[in-house]
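Residues: numbered from 1 along the sequence shown. A quick note: this is a predicted structure, and the numbers were derived from the prediction, not measured. As a basis for the values below, the full set of heavy atoms in this structure was taken, side chains included, without hydrogen atoms, waters or symmetry mates.
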Amino acid sequence: MKKILIIDDEVNIALLLSKFLTRNGFEVKTASNGTTAMEYLKNEDFTLVLCDFRLEDTDGREMLKNIKNQYPKTGVIIITGYSDIKMAVELIKMGAYDYITKPLYPDEILNTINKAIETQHALLDDEQDNEPIISSKSKEHKKNTSTGEFVFGTSRASKEILRQIDLVAPTNYSVIIIGDSGTGKEAVAKSIHLNSPRHNNPFIAMDCGSLTKELAASEFFGHEKGSFTGALYTKIGHFEMANGGTLFLDEVGNLSYDIQAALLRTVQERKVKRIGSTKEIDLDVRIIVATNENLQESIQKGRFREDLYHRFNEFSIYMPPLRDRGNDIILLANHFLVIANQELSRNVTTFSPEVIDCFMNYRWPGNIRELKNVIRRATLLAEGNEITMKALPLEISNRMMSFDYNNHINTHTSEMPEIKENRHDLKNAALEAEFETILRVLKEVNFNKTKAAEILKIDRKTLYNKMKAINLK
């Protein structure tokens with residue numbers, strides 16, 4: 001279980017955080033001052049420290065310095081008020097993973113913690129192997145290297161991605177990563193950063209797909225307090241946060257034309273100015289962008305600026321869909337099985353031959369992200385130490401049954417006419433397996449139909465219809 005140390009002299013906040021994180025599977029310890037915290041760190045190994053910037057006997061800067069000097073493998077997240085944001089950004093440059101501003105929001109906290117732990121694990125794996133995740137000096141890459149959700153395997157596609165990352169990582173080139181959703185574009189961007197001269201500086205990721213036109217400028221460039229209605233505090237923009245490091249812009253094709261123009265000016269001049277400020281800040285930021293769109297097509301349709309495209313496109317990497325990565329699918333499945341076992345405290349060790357065959361023949365429209373979710377769900381539902389077809393989501397198992405059955409019928413009916421007589425039995429067997437899965441999931445969640453529908457990845461109406469078909473109420 002991952003251990004987290006919370007350092008905060010506000011007892012109520014520390015208590016609430018502790019309870020929330022414990023419910024989410026972490027082992028938590030709290031300290032109200034820096035002296036106690038350092039004593040805990042001396043006697044126990046913590047994966048992560050959440051440290052309030054203002055403490056009764058010290059501050060976040062001193063705590064970060066002490067933790068990084070004595071326990072460099074422990075990640076640090078700073079908790080701060082709005083007035084301390086500028087200092088928090090400085091602390092990121094000193095080695096903190098990120099900062100969280102008060103008031104605290106559970107989803108934001110959990111998301112930041114999970115990303116910090118993921119990054120920390122990648123760095124620790126790197127150190128244990130005594131070489132970078134991708135070493136430009138070595139003649140052969142490690143075959144099982146992973147960063148986040150992307151596992152570098154043995155397929156030709158993986159080897160080509162490794163080769164391209166190896167080439168571009170040491171440079172300052174801007175990079176466009178092109179590929180479908182869920183193919184691991186952000187993980188590859190992190191890998192480029194971790195193997196670049198900037199690896200000790202911030203990697204800041206920004207989802208352009210979730211930005212509204214009104215908020216985009218503030219998120220990119222920041223703003224001064226009072227610069228517009230609702231600007232209640234000074235905000236540091238993503239460019240400024242990433243200064244010295246790497247800024248990753250995901251789904252960049254979704255940006256409005258106005259924001260693209262402002263972005264182009266910032267990239268060209270290497271300067272940023274917060275909204276409401278006259279002061280220009282010098283930038284040294286490497287930009288990596290990702291898209292699942294054809295940007296050249298968007299240029300022709302007038303939705304994306306050609307000059308901005310050429311600024312970004314100093315180097316490009318194509319991310320193949322999961323179905324084109326051959327045996328890497330099983331390597332990935334095993335990787336996610338290890339993670340799921342750790343998360344769920346299970347001991348599932350293998351996949352049945354039918355499941356392996358299913359994985360290799362399924363088209364994986366959701367790519368790596370879909371595979372990860374399938375493995376997590378199957379690990380939860382597995383009976384014993386093997387994942388069988390019963391543990392797979394209906395949309396995968398039914399589709400594969402349908403594919404195998406129809407393909408078998410079409411191919412062999414002329415040679416084996418008796419198969420026609422068995423069609424009804426085959427369909428009944430498929431339905432029986434489906435209903436067994438539904439019943440098992442319902443029992444797992446104490447017949448909570450909402451939770452069952454979520455796990456089965458069907459809507460409640462469909463679940464009710466299927467329950468009615470087998471006389472379940």
Side-chain angles (χ1 to χ4, degrees), residues 148-150 152 155-193 196 203-213 215-217 219-221 238-239 242 246-270 272 283 285-325 363-370:
E149 294 185 355
F150 194 91
F152 296 100
S155 69
R156 181 181 298 179
S158 285
K159 289 178 179 177
E160 178 58 22
I161 294 169
L162 280 167
R163 187 186 71 83
Q164 292 185 23
I165 294 173
D166 201 16
L167 285 171
V168 77
T171 73
N172 271 321
Y173 284 6
S174 296
V175 181
I176 293 182
I177 305 175
I178 306 159
D180 295 343
S181 294
T183 50
K185 296 188 289 292
E186 181 172 350
V188 170
K190 285 180 182 176
S191 187
I192 293 172
H193 172 75
S196 75
F203 175 90
I204 303 296
M206 187 173 180
D207 181 8
C208 300
S210 63
L211 287 177
T212 64
K213 184 177 178 181
L215 288 177
E219 292 295 318
F220 273 118
F221 314 121
H238 283 68
F239 268 103
T246 302
L247 178 60
F248 172 65
L249 307 179
D250 197 12
E251 304 305 344
V252 71
N254 291 326
L255 292 173
S256 70
Y257 213 77
D258 292 343
I259 292 299
Q260 290 175 40
L263 196 57
L264 175 65
R265 187 164 56 252
T266 300
V267 173
Q268 284 178 333
E269 297 175 2
R270 297 288 173 178
V272 68
L283 289 179
V285 176
R286 182 183 197 168
I287 297 177
I288 302 176
V289 304
T291 180
N292 59 10
E293 297 182 29
N294 185 333
L295 290 183
Q296 290 181 321
E297 192 175 288
S298 297
I299 290 169
Q300 293 174 359
K301 293 180 178 179
R303 295 201 305 262
F304 201 85
R305 293 182 65 105
E306 185 173 9
D307 44 8
L308 183 60
Y309 171 78
H310 290 302
R311 282 284 176 181
F312 289 154
N313 193 30
E314 293 181 319
F315 193 89
S316 61
I317 295 176
Y318 169 68
M319 299 295 297
L322 181 57
R323 61 180 174 272
D324 291 343
R325 290 184 57 186
R363 291 194 59 80
W364 298 108
N367 293 293
I368 297 173
R369 191 176 296 126
E370 181 183 9

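A pairwise comparison of heavy atoms in Pro321 and Asn367 identifies CA-OD1, 3.3 Å as the closest pair. The heavy-atom pair separating Arg286 from Ala169 by the smallest distance is NH1-O, 3.0 Å. Scanning all heavy atoms of the two residues, the minimum distance from Gly253 to Leu295 falls at CA-CD2, 3.9 Å. Taking every heavy atom of both residues into account, Phe248 and Ala189 meet most closely at CD1-CB, 3.5 Å. In plain terms, the two heavy atoms of Ile165 and Ser191 that are nearest each other are CG2-OG, 4.2 Å. Pairing each heavy atom of Glu186 with each of Ala205, the nearest pair is OE2-CB, 3.5 Å.
Under the salt bridge (Lys or Arg N to Asp or Glu O under 4.0 Å) criterion, no residue pair touches residues 308-324, with sequence neighbours excluded.
Separation of atoms CD1 (Ile299) and CG (Asp307) is listed at 9.0 Å; rounding is to 0.5 Å. To the nearest 0.5 Å, the span separating OG1 on Thr183 from CD1 on Ile177 amounts to 9.0 Å. Atom CG of Asp207 is separated from atom CD of Glu251 by 7.0 Å, given to the nearest 0.5 angstrom. In this structure, CD in Glu306 is found 12.0 Å from CD in Gln260, a value given to the nearest 0.5 Å. From Leu322, atom CG reaches atom CG of Asp180 across 11.0 Å, with rounding to the nearest 0.5 Å. Taking CZ from Arg270 and CZ from Phe239, the interatomic distance works out to 8.0 Å, rounded to the nearest 0.5 Å.
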If you apply the rule side-chain contact (heavy atoms from CB on, under 4.5 Å), what do you find for Arg325 with Ile368, and how did you get there? CA-CA 11 Å; Arg325 290 184 57 186; Ile368 297 173; 3.5 Å; yes

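Checked against side-chain hydrogen bond (donor to acceptor under 3.5 Å, both in side chains), Ser256 has no partners two or more places apart in sequence or in another chain. In this structure Arg303 satisfies the side-chain contact (heavy atoms from CB on, under 4.5 Å) test together with Glu293, Ser298, Lys301, sequence neighbours excluded.
At least one side-chain heavy atom of Leu255 sits less than 4.5 Å from a side-chain heavy atom of Phe220. Counting heavy atoms from C-beta on, the side chains of Leu211 and Asn254 never come closer than 4.5 Å. Within the 4.5 Å cutoff, side-chain heavy atoms of Ile317 are placed close to those of Ile192. The closest side-chain heavy-atom distance from Phe315 to Ile288 is not below 4.5 Å.
Panel note: side chain Thr266, backbone Ala262; a donor-acceptor pair is recorded below 3.5 Å.
A donor-acceptor contact under 3.5 angstrom links the side chains of Asn292 and Ser181, judged on distance only. Looking at Gln164 and Glu160, their side chains do bring a donor and an acceptor atom within 3.5 Å of each other.
Sparse packing is recorded around OH of Tyr173, with 12 or fewer heavy atoms of other residues, nucleotides or ligands lying under 6.0 Å away.
Taking the six-membered ring where the residue is Trp, His193 and Phe203 present tilted rings, their angle falling between 30° and 60°.
None of Leu249, Leu247, Leu263 except one satisfies the side-chain contact (heavy atoms from CB on, under 4.5 Å) rule with Val289; the exception is Leu249.
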